[in-house]
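Take a look at the structure below.
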2 protein chains.
Amino acid sequence: MPSSPVDHARTGVRPTMKDVAAAAGVGLKTVSRVVNGESGVRDGTAERVREAIEALGFRRNDSARLLRTGRTASVALVLEDISDPFSSALSRAVEQVAAAEGCLLFTGSSGERADRETELALAFCARRVDGLIVVPAGDDHRYLLPEIASGTPVVFLDRPAGGIDADAVLSDNAGGARRGTAHLIAHGHRRIGFIGDLRAIHTAAERERGYRAAMAEAGLPVDDRWVDCGPTDRARVGEAVRRLTAGPDAVTALFTANNRVTLAALHHLPAERRPAVVGFDDLELADLLTPGLTVVAQDPAALGALAARRLFARLAGDAGAPARLEVPTLFIPRGSGETPPNGI
Amino acid sequence: MPSSPVDHARTGVRPTMKDVAAAAGVGLKTVSRVVNGESGVRDGTAERVREAIEALGFRRNDSARLLRTGRTASVALVLEDISDPFSSALSRAVEQVAAAEGCLLFTGSSGERADRETELALAFCARRVDGLIVVPAGDDHRYLLPEIASGTPVVFLDRPAGGIDADAVLSDNAGGARRGTAHLIAHGHRRIGFIGDLRAIHTAAERERGYRAAMAEAGLPVDDRWVDCGPTDRARVGEAVRRLTAGPDAVTALFTANNRVTLAALHHLPAERRPAVVGFDDLELADLLTPGLTVVAQDPAALGALAARRLFARLAGDAGAPARLEVPTLFIPRGSGETPPNGI
DNA sequence: CTGAAAGCGCTTACAG
DNA sequence: CTGAAAGCGCTTACAG
């Protein structure tokens, strides 16, 4: 049952407090008092104002109010790509904390491009968001120094800031990778491959560090040909899988260092002498694969919530030294990481 | 190599154009001209202004500029849950179109609650976003009539608006479900179960309609016990799977009507006499399952982009009648839908 | 209890 | 080429 627009709301013309004041025959401040539920307005006056508001279809312009107030009651989140499950889980967690604080949330995707990250972060600052959370794409964040100095708190998420000392909330990337690799070693693997993201990415470097630490602790050598870092597209990862799993020196197990790498690798795994696999990041159907996919799961909900809470603590006046907060990972064995070495 | 904040930026104090004007010894308007790259400023003057801007660390406050301008250069997207892959894919598509139009994007999750949808949508309107895209949680959108009448265009996405006549961009839900069901019929199935979301949800009802249409076209009866609609949590879906696949009258195939239902159903599928499965919505590892999961895939990127383009067309002055735009689905056979009926 | 004035940080419309 | 005044839609700080 469609109904038609109400009469009083002429298209494109929004009544202001001034209009309401004129209609009710009162001063501007009295309208403001009624709209904001302040006390000290006689019942009759308030009633007339309310009638005028109703008749004109008045709705306060929050952007104008916030200009006077000095806050915008909004925060912004710059992520890698909102359509990535990890990013969107971060976003949900940040949104929930922001909502509890009465803040609306801007989101923007950098697409892993440093210039786009900068552009978005500065655009949000130009809007004077109350605070900013950034999942870094670039490695130099000095461009944010003036904003931070001017009073806009910035918290870095998933990866630390580059070139500046700032709050950061990170996963225990090295610890998680070490745990996953140690698991493969415990199941008898000695030649374990590592396929990761570009080394320039902090999380990728940390995970490689964890992998190497586990190997070193077990007294196992790491052949440089076992470690393959680069872009996470299917072609490159497929090539890496083929190279690592071929020939007499083939690895018997693979550690795939993020969700996209794991996904691509699973599509290219050889049918024969299938290597054991442990992946970093959980995937939605991981437990339904045959065998189930063993993973080192991150906790994006915890990461996002922690970053948001840190941001609001800063907004509430917390002036402590910048801190690096770490969120533990969860190891989930499901089968693919428990396969014994083949052909040895 | 952390560096310290620059001197001129005293914490919490942002210089304004007025400060710049005073520092440069020029009028406010001249600063505005330089900041906005307008012509008609002598080189020397412009240079002095630029120096003052640099020295003070001035950055224009876009919120203030936009108040005067009457636009906010922002749009908002109210979705079901940003952490859901379908929602986040919509968000990414909307963001890309918005970015091309020079707009920043607010996102908010209703959690499928009508009151929260209303609260978010009105909060965004109060901020005077230039336009709004809503994935409905509720079924009565008359509360948006005043906003629409006041000139804020609203486009509905994934589900149509309730009680008002407005633009809507939808998947071909009925057509997709019909196609998927017909496929099961073509593979010899006669007793086909349908497990769906709450009937109150438009997409759920449409998909059931498509399922029934396919059955009717094939001259097959639909036993009411084969159709199970309700919340999409694992417990309820698991119960439905058990009920539909048990006993002598067990269905030989299941149509699972959205991603969450499919996910839950896959976890509860009986090992013996495993029914054929066709799911609505694609899943990330669907092709790696054994057998691969046959799906009716939606195209969230196309849905989001179309909705956003519609919104910006409205903003550009398109005053045509509200339209309902439909995006086709894609049928992807991968194995689970091609299993023949068992035990017949 | 009520409201006129000033101001938030910009731009618009004019006047020199 | 340049700038003082008015205004965007509100709130703050005062005065009655």
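Naming: A, B, ... by sequence-line order, numbering from 1 per chain.
Residues B:Thr107 and B:Ser91 bring no donor and acceptor atom of their side chains to less than 3.5 Å of each other. A donor-acceptor contact closer than 3.5 angstrom links the side chains of B:Asn36 and B:Ser32. Side chain to side chain, A:Thr152 and B:Arg14 meet the donor-acceptor criterion of an N or O pair below 3.5 Å.
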Inset, instruction - Starting from the C-alpha separation in whole Å, work towards a yes-or-no answer on salt bridge (charged side-chain N to carboxylate O under 4.0 Å, His left out) for A:Arg127 and A:Glu147. - result: CA-CA 12 Å; A:Arg127 296 297 177 96; A:Glu147 307 299 335; over 6 Å; no

Legend entry - Verdict with reasoning, A:Leu132 to A:Cys125, per side chain to side chain contact (heavy atoms under 4.5 Å, CB included): CA-CA 8 Å; A:Leu132 186 63; A:Cys125 288; 3.9 Å; yes

Legend entry - Intermediate values then yes/no, side-chain hydrogen bond (donor to acceptor under 3.5 Å, both in side chains), B:Ser109 and B:Glu80: CA-CA 5 Å; B:Ser109 305; B:Glu80 187 189 330; over 6 Å; no

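Between A:Thr45 and the phosphate of C:dC1, there is no side-chain N or O to OP1/OP2 separation shorter than 4.0 Å.
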Side-chain polar contacts of residues 38-53 of chain B - donor-acceptor pairs under 3.5 angstrom, sequence neighbours left out - could you list them?
| residue | atom | partner | partner atom | Å |
| --- | --- | --- | --- | --- |
| B:Glu47 | OE1 | B:Arg50 | NH1 | 3.0 |
| B:Arg48 | NH1 | B:Ala24 | O | 3.0 |

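When side chains are defined from C-beta on, B:Val129 counts as touching B:Phe106, because their heavy atoms get closer than 4.5 Å.
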Legend entry - Which nucleotides of DNA chain C pair, in dot-bracket form (Watson-Crick or G-U under 3.5 Å, | meaning another strand): |||.||||||||.|||

Inset, instruction - Would you give a per-nucleotide map of nucleotides 7-16 of chain C, 5' to 3', where B means the base has a protein non-hydrogen atom under 4.0 Å away, S means only the sugar-phosphate does, and - means neither? - result: BBBSBBB---

